[in-house]
Amino acid sequence: MPSVKPTRSDRRAADRRRTATTSSSRPKLTSHVRLRFDAAREQHVLLGPESVMVLNPTGADILSLCDGRHTVAEIVATLQDRYDGVVDDEVRRFLDRLATKRCLEMSDG
Amino acid sequence: MDSPFGLLAELTYRCPLSCAYCSNPVNLGDYHDELTTAQWQRVLIEAQELGVLQLHLSGGEPLLRRDLVDLVTSARYLGLYTNLITSAVGLSRRRAEQLRAAGLDHVQISIQADEATLSDGIAGTPSYAGKIEAARLVKELGWPLTLNVVLHRRNMDRVAAVLDLAEELAADHLELANTQYYGWAWRNRDALLPSRAQLDRAEAVVRAARKRLKGRMDIVYVLPDYYSQYPKPCMGGWGKRQLTVTPNGDVLPCPAAHALPLPRASVHEDSLARIWARSPLFQSFRGTDWMPEPCRSCERREIDFGGCRCQAFQLTGDASRTDPVCHLSPDHGIVAERVRAANEENRLGDGVLVPRPHRGRPGRR
């Protein structure tokens, strides 16, 4: 795994890297949330404490792979097999946002 | 027309606390005739059929309802995600274990400050120690824990200590909710509205904490709308994402909408689906057709929906005007004057807070 070394001159960037999702992280949905198909809207939804996130098919696929076994790199590769134009950075940002909201937990390595 | 995602079930307005910022209606006595268990269960079924996915069990204090466990059981049977929004007064270990077994998904506990004297003073009753104990119990039983602190002039300067407390309790979410000026809070607005200097200090503290606690605690902090340039997107749009059912069965687009001069809609008289789709209360401010200028031609009309109808009514007497917190509103002077008063250098003390009663007198308006 390539090491990421924060530069002293850019603390903001260092903070971002310190908390960012890396390729080898294994994301897992926390016990707080429920991923389910909503028959009324015909879409997957992620239900959490006082929150509803309506997912598009890509988002639902990503989260169904967040089981604590797959790494971020593997999730991206699987998505790229299924869909055209899946961008590594976008998947990471999506996962990062959900981790900030305490919907996902990351274990490293 | 969109289907609602969330139902706020205000099970009772009775409450062991008497916070002066309470958003419950001032005429509490009109809500003594509470829905029965069976009536609430029917409401839950109709809500689920209408597309509701989230149930917020609130009040008043929802733990005062003896049928709370039954209602959670029914909601979980329907597949709803269930949130308990509580003062934690009455959340004994036995009750908590029953709720856990019934499938309650999440608990939000209010605290009034980071330490007992101030918290109990604001709550009007010794409750802080029990709240902290209940918060630990929530984590012990495996629930996600949200702490909610309503912020105002008297506890705004305690935000750093509140964050430390939330971290110590391993809260998953912290809501630093600035007081919204409805109901009892409206009565007490001059004593509650913080100064700009207080807000600036709090914001700096929150920004640093968000960075430090990222991935461990989700911190929600929203500037009070009196100090914002634009209004809040109230309820995510009128009759668009949420509905509220009050203890007596009134159905509202927003918990403060009981004050509006529109015909009331009640689960005693109609189904939730018909009320949602057809009642004047829900139809009046849905979409953008009702908007006056400057909202009508504003590029933000689909972002903030003209702000809060209840606030427009409260401040101008006309619910269809632009929310006066918007700097573009012709009525903005009303809000600017309040803000000016809150920042006056020669302010004589912080005024007296009028506590809400635990329950209102029947039939008193």
Side-chain angles (χ1 to χ4, degrees), chain A residues 6 10-22 24-55 59-60 63 66 68 72 92-109, chain B residues 2-8 47-58 75-76 78-85 103-109 138-139 141-148 170-175 177 207-208 210-220 236 241-242 273:
Chain A
D10 191 348
R11 286 187 56 200
R12 193 181 275 256
D15 279 329
R16 205 155 48 225
R17 273 194 289 273
R18 185 161 47 89
T19 51
T21 309
T22 65
S24 61
S25 319
R26 297 174 197 274
K28 185 175 190 265
L29 288 172
T30 61
S31 59
H32 312 169
V33 297
R34 296 214 300 266
L35 176 64
R36 53 165 271 208
F37 186 73
D38 176 31
R41 294 176 180 83
E42 299 185 331
Q43 275 177 304
H44 277 88
V45 290
L46 185 68
L47 304 178
E50 298 176 64
S51 72
V52 178
M53 184 184 273
V54 179
L55 299 162
L63 292 187
C66 292
V72 171
R92 283 191 204 199
R93 270 202 299 275
F94 175 70
L95 294 173
D96 206 37
R97 192 156 50 92
L98 285 170
T100 304
K101 289 268 145 210
R102 301 281 295 120
C103 297
L104 285 175
E105 280 165 344
M106 299 286 173
S107 57
D108 278 317
Chain B
D2 296 303
S3 303
F5 287 102
L7 168 66
L8 173 66
Q48 188 268 337
E49 287 171 352
L50 189 54
V52 164
L53 299 167
Q54 284 272 348
L55 175 65
H56 313 279
L57 296 159
S58 180
R76 278 307 306 266
L78 293 165
L80 302 177
Y81 192 100
T82 50
N83 305 279
L84 177 66
I85 296 157
L104 180 70
D105 288 291
H106 163 234
V107 182
Q108 180 195 115
I109 294 179
V138 164
K139 290 297 288 189
L141 295 183
W143 271 308
L145 170 67
T146 298
L147 289 181
N148 177 295
D172 300 280
H173 306 267
L174 174 63
E175 286 182 11
R207 206 177 306 128
R210 270 205 186 117
K211 215 178 236 185
R212 183 166 57 85
L213 298 168
K214 190 181 173 201
R216 285 192 286 147
M217 193 195 299
D218 170 36
I219 303 167
V220 177
R241 298 179 63 89
Q242 301 264 353

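What you see is a predicted model; the values in this text were computed from it and never measured. The sequence lines fix the lettering, A, B, ..., with proteins before strands; numbering per chain opens at 1.
Between chain A and the residues B/Asp105, B/Ile219, B/Thr82, B/Val220, the largest count of heavy-atom pairs under 4.5 Å involves B/Asp105. Among B/Met217, B/Glu49, B/His173, the residue with the largest count of heavy-atom pairs under 4.5 Å with chain A is B/His173. Between chain B and the residues A/Ala40, A/Ala99, A/Gly48, A/Ala39, the largest count of heavy-atom pairs under 4.5 Å involves A/Gly48.
Contact annotation for B/Leu50: neither backbone nor side-chain heavy atoms come within less than 4.5 Å of a heavy atom of chain A. Contacts of B/Arg210 with chain A are absent, with no heavy-atom separation under 4.5 Å from either backbone or side chain. In this structure, the portion of B/Leu80 lying under 4.5 Å from any heavy atom of chain A is its backbone and not its side chain.
For the pair A/Arg36 and B/Tyr81, the cation-pi test (distance below 6.0 Å, angle within 45°) is failed.
The nearest pair of heavy atoms linking B/Asp218 to A/Thr100 is CB-O, 3.6 Å. Nearest approach of A/Ser51 to B/Gln54, heavy atoms of both residues: O-NE2, 2.7 Å.
Contact annotation: the side chain of B/Ser3 approaches that of A/Arg41 to within less than 4.5 Å [non-hydrogen atoms, C-beta and beyond]. At a threshold of 4.5 Å between non-hydrogen side-chain atoms, the residues A/Asp96 and B/Lys214 count as touching. Under the 4.5 Å side-chain criterion, counting only non-hydrogen atoms from C-beta, A/Arg102 is not in contact with B/Pro144. Between A/Glu50 and B/Glu175, the closest side-chain pair of non-hydrogen atoms falls below 4.5 Å.
With a 6.0 Å radius and a threshold of 12 heavy atoms from other residues, nucleotides or ligands, B/Arg241 has its CZ atom at or below the threshold. Surrounding NZ of A/Lys28 are at most 12 heavy atoms belonging to other residues, nucleotides or ligands under 6.0 Å away.
The distance from the NZ atom of A/Lys101 to the CG atom of B/Asp172 is 12.5 Å, given to the nearest 0.5 Å.
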